[in-house]
Amino acid sequence: QKEVEQNSGPLSVPEGAIASLNCTYSDRGSQSFFWYRQYSGKSPELIMFIYSNGDKEDGRFTAQLNKASQYVSLLIRDSQPSDSATYLCAVSTSNTGKLIFGQGTTLQVKP
Amino acid sequence: DGGITQSPKYLFRKEGQNVTLSCEQNLNHDAMYWYRQDPGQGLRLIYYSQIVNDFQKGDIAEGYSVSREKKESFPLTVTSAQKNPTAFYLCASTKGTVDTAEAFFGQGTRLTVV
């Protein structure tokens with residue numbers, strides 16, 4: 001079992017719809033969870049982080065964390081074509097600050 | 001502006017040759033990391049360093065070496081022992097090493113074996 005798992009997609013949604021990206025992790029001791037967006041050929045950029053169970057909202061983005069189910073998700077409301085990218089889920093599992101990444105989900109927002 | 005600078009952006013390596021990828025940060029971050037990304041894959045950790053003159057192997061350290069002589073710099077050498085080095089290499093840094101540290105990435109170096 002991979003430490004951090006994501007559906008590679010592609011996930012295709014129409015413009016204006018809600019995109020839902022999911023991630024599961026195996027280490028119950030994980031404390032911090034990050035969502036990065038990566039455009040093709042570019043480096044990842046942090047868009048959301050969440051540490052506590054529940055929801056965290058930032059503009060059109062909402063991160064959801066359920067530690068009991070070892071599940072973290074990212075919702076993108078009012079999806080735009082510019083949101084088309086690969087979304088990487090990352091989990092920090094120790095005090096080294098090391099991040100374990102999932103393989104990423106490719107999102108396609110169609111006009 | 002503070003940030004992480006990787007160079008070169010593109011690098012070509014001949015078979016049997018060692019090459020060094022540069023990573024410099026002016027964020028005053030304590031920890032630095034090297035990741036490798038293959039097409040359609042997530043990032044895999046090669047090496048990381050929490051303090052100057054100290055570093056640890058990540059998940060795929062074989063065929064790579066690093067040094068951390070200065071807080072600002074964390075160069076990665078891809079040696080001839082790395083049999084499949086063609087990949088996108090990303091350097092990152094974090095302010096501390098606690099679980100809540102957010103990682104900031106450089107722009108990456110794309111290495112190709114010719």
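Just so it is clear, the values below take in all heavy atoms, side chains as well, and ignore hydrogens, waters and symmetry mates.
Clustering ILVMFWY residues whenever any of their side-chain heavy atoms sit less than 4.5 angstrom apart, transitively, puts A:Leu21 in the very cluster that holds A:Ile100. Placement of A:Leu11 and A:Phe61 within a single hydrophobic cluster is found when ILVMFWY residues are connected by side-chain heavy-atom separations under 4.5 Å, directly or transitively. Cluster annotation: B:Ile46 is connected to B:Leu11 through the hydrophobic network of ILVMFWY side chains, with a link wherever side-chain heavy atoms come within less than 4.5 Å. Cluster membership check: A:Phe34 does not share its hydrophobic cluster with A:Leu75, using side-chain heavy-atom separations under 4.5 Å among Ile, Leu, Val, Met, Phe, Trp and Tyr. A single hydrophobic cluster is not seen to contain both B:Met32 and B:Tyr48; linkage of ILVMFWY side chains at heavy-atom distances under 4.5 Å, directly or through other members, places them apart.
Counting only residues at least two apart or in different chains, salt bridge (charged side-chain N to carboxylate O under 4.0 Å, His left out) contacts with residues 46-59 of chain A comprise A:Glu57-A:Arg77.
Heavy-atom neighbours of chain A within the stretch residues 73-92 of chain B, taken at a separation under 4.5 angstrom, comprise B:Phe88, B:Leu90. Contacts between residues 102-111 of chain A and chain B, defined by a heavy-atom separation under 4.5 Å, are made by A:Gly102, A:Gln103. Of all residues spanning residues 106-114 of chain B, those with a heavy atom less than 4.5 Å away from chain A's heavy atoms are B:Gly106, B:Gln107, B:Arg110, arranged by number.
If you measure heavy-atom distances from B:Leu43 to chain A, the contacts under 4.5 Å come from both the backbone and the side chain. Proximity to chain B is limited to the side chain of A:Gln38, based on heavy atoms less than 4.5 angstrom apart. Contacts of B:Gln37 with chain A are made by side-chain atoms alone, with heavy-atom separations under 4.5 Å and no backbone atom involved.
A:Leu99 has its side chain out of reach of B:Tyr33: every pair of non-hydrogen atoms, C-beta onward, lies at least 4.5 Å apart.
Closest approach of B:Ala103 and A:Tyr36 over heavy atoms only: O-OH, 3.0 Å.
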